[in-house]
Amino acid sequence: MSGGGLIAIGDPLPRVDGRAKVTGSAKYAAEFPVPGILYGSLVMSTIASGRVLRMDTAEAERAPGVVAVITPANAIRLAAPERRISLLQDDQVFYQNQPIAIVVAETFEQARYGASLVRPQYQPSAAKLDFLAGFPNSYPFSHNGEPGDQSWGDVDAGLAAAEVKIDEVYTTPIQHHNPMEPHATIAQWNGDHIMLHDATQHITGVQEKTAAIFGIPKENVHVVSLFAGGAFGCKGQVWSHVMLAALAAKQVKRPVKLVLDRPQLFGPVGARPRTYQQMTLGATREGKLTAIRHVVHCNTSVIEDYLESAAFPARVMYACPNISTTSRLVQLNLGTPTYMRAPGVATGTYAVEVAMDELAYTLHMDPLELRLRNYADVDPHSGKPFTGKHLRECYQMAAGRFGWPKRSSEPRSMRRGHELIGWGMATETYPGKNLTASALVRFEPGGRILVAAGTQEIGTGNYTVLTQIAADVLRVPAASIDARLGDTDLPPAPISAGSMSTASIGPAVKAASENARQKLIALAVADRSSPVHGAHPDDVEFDGGRVRLKSDPAKSETFVAILRRNGNQRVDATAATKPLLDPQTPCHSFGAIFAEVAVDADLGMTRVRRVVAVYDAGRIVNRQMARSQFIGGIVWGISLALYENTDVDWRYGRITNANLADYHVPVNADIPEIDVQALDIPDYQLDSIGARGIGEIGITGTGAAICNAIFHATGKRVRDLPITPDKLV
Ligand code: MOS
């Protein structure tokens, strides 16, 4: 991938992979041609809990083109199966739409037809499908150090001292990620080596899991994922189908391609869990918060614990001496939930920011003024300063651009014909985080520069951002750089999730670029034929593809000339970078979002008319792509507020809208003018690039801003997402 002229960080470099994507030459996981490939199709359970007593496979086996019908009765035994995914090692069913068999055939159509002929016989058992009834048996999450519960001060005393209280329940539904590209895997074995093309947010995660489950060394697993067509969290874990493709390929001794169909994305590949959030706020008449209590219940599955950390925003958003947050998991016989689009933060911010709006109306106070009176200059828990927080500027700029001072405070006061107009706002937040990463930068004898890292492009712009960072450091045109990602043969990099990619891999690319430049300069000064021979390396600069003596700029040559004289060798360097920040230091992005809605007074239909948002998210590496990404987040926030809802038949645990006709996501006609600004203030405490990550913050406050605007328009407070017309008429 390459593109652009001399590029600095911040410049609006167009996507370097844009041409490949629009012309179709970008290869997605299922698109790699493999000779002799077979196609897999999954058979899914139709009960929520129980056992598969037997499976009649005779008809499927006789069907044209079918090579194998793999069930728990004949599946090869795996070295280290896991209960959390279905690997056909036992007959247990834990949720509807769980993979229970795989049919392998010569064509995709034959595999699907074969799968339709498999007849399972079940012994159902009682399923846990009543969320509220599960509360007495709910339990705290206890994995990987994520604090489910955190309290400080004395919340009871704070509430007792409060002159005004809000105590409400906010609920959000199960949602499914629905990327345009379905999950897809091609598995090819060569002896005890395996090659996987996978649609994933985490190639090294796939590599490690495959090695563990099949009992082979990690080095035997080669994973490639050059592009993913959307992921949103559901491609972060290794789910059943990836391992089933590998299992099937091993069993039939031929490569197997497995692509899930749209209904198969509803269950076995994660979801945002349902949340039930009790939010209690206490405040003085002046609007100073005296207590915040946030009790979250969310569902998990019966096979694995996943916590939707919805309690997180209440801990960081406002200055308050008494805060208590509690999270409890409720087991349901549904597919295991997972990270989805600002996991926890989107659902939790909805509750906090709607409750704050309710408090503002109770106090007859401007909602923005209430936020300013509770502005947290330091982290409310630790009292430590944030690495950088410029939320005041966000509020001010966004309110100004929106025209907030012109707002009439009364609900239903801005009617226009049959439409009720409303204005609402919310605070946004997302943690600044990063992980250990590594990268390689190489000067090629042909004059190109390679940037490579074992991260992956999930649609967010990794190829472009890493190209841009290398171009900025090396002072070369972006067009002279090739970025290679998505291959476990490259230096390892972390999962693409949590808005962490730029802050994790950016520093590694920067360091590798500096190391490679240093090696090139060392080669040049040691080279008797070089114009910079014998110079002190500090007196040599690299700019526009040339080494040059700073003290005598006439002495210069291209790196190609240096490499040519030195046997056409490549000069490269790797670098591994670690997070700079100790985890106790508060590091968060913030933003302010304002929305205008129009609600049809008769039909209850809500249209978002405009959105203005301003973000403090650290340094902006590419202002064009950043704008797109903030807008993308806001679009998903509109989706959370108004559209998305996985409809479960709670008698049977079956999802009734497992398709894109009935599962609503916004289309272009649903999306208004969105005005996005970023302050672009670097946060060098987090990482050497100064970026804090921008992928998810746009989702976080949008739901509340729209809910609050709808209240302003209609006088109706909807505490249950999504806000569909039936809740407004
Ligand atoms: Mo993203 S939901 O953090 O994969």
Side-chain angles (χ1 to χ4, degrees), residues 29 143-144 146 172-183 198-206 209 225 227-239 242 265 269-275 298 300 304 306-310 312-313 335-350 428-435 437 455-462 465 485-486 493-505 579 587-589 617 629-630 632-637 639-640 644 646 665 686 691-703:
H143 294 326
N144 64 29
E146 190 166 351
T172 66
I174 293 173
Q175 302 177 337
H176 282 81
H177 307 71
N178 277 300
M180 284 309 294
E181 179 207 30
H183 295 248
D198 191 33
T200 178
Q201 292 168 248
H202 195 192
I203 53 173
T204 53
V206 173
K209 189 65 80 181
S225 184
F227 295 96
F232 319 130
C234 64
K235 292 169 183 167
Q237 302 291 311
V238 182
W239 301 109
V242 184
L265 304 186
V269 290
R272 198 197 290 280
R274 182 173 168 182
T275 73
C298 52
T300 189
E304 187 180 9
Y306 167 78
L307 173 68
E308 172 83 355
S309 46
F312 166 79
T336 303
T338 193
Y339 322 110
M340 176 166 163
R341 309 191 204 121
V345 193
T347 44
T349 302
Y350 161 69
E428 309 210 71
T429 191
Y430 199 83
K433 291 176 293 190
N434 59 0
L435 295 167
T455 177
Q456 44 280 308
E457 167 65 47
I458 59 169
T460 47
N462 238 351
V465 162
L485 312 175
I495 185 170
S496 296
S499 302
M500 292 185 292
S501 285
T502 299
S504 300
I505 304 128
C587 181
H588 303 271
S589 288
Q629 210 167 10
F630 286 127
I634 291 167
V635 170
W636 283 127
S639 195
L640 174 93
E644 280 183 88
T646 296
V665 294
L686 180 63
R692 240 192 254 123
I694 57 174
E696 288 161 289
I697 189 169
I699 309 166
T700 64
T702 311

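Here, residue 1 is the first one in the sequence, and each next residue gets the next number. Numbering of ligands and ligand atoms starts at 1, following listing order. As the structure is a computational prediction, the values presented were derived from the model and not from experiment.
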So which residues, sorted by chain and number, lie with a heavy atom under 4.0 Å of ligand 1?
Gln201, Phe232, Gly233, Tyr339, Met340, Arg341, Pro343, Ala497, Gly498, Glu696
Atom CD in Gln201, atom CD in Glu457: separation rounded to 0.5 Å?
11.5 Å
Find the distance between OG1 (Thr502) and CG (Asn462) and round it off to the nearest 0.5 Å.
6.5 Å
Ring geometry between His588 and Phe312 (parallel below 30°, tilted from 30 to 60°, perpendicular above 60°)
tilted
Under the criterion side-chain hydrogen bond (donor to acceptor under 3.5 Å, both in side chains), which of Arg341, Arg272, His176, Gln175 is the partner of Glu644?
Arg341
Between Tyr339 and Gln237, is there a side-chain heavy-atom distance shorter than 4.5 Å?
yes
Might you point out which heavy atoms bring Leu435 and Met500 nearest each other, and give the distance in Å?
CD1-CE, 3.5 Å
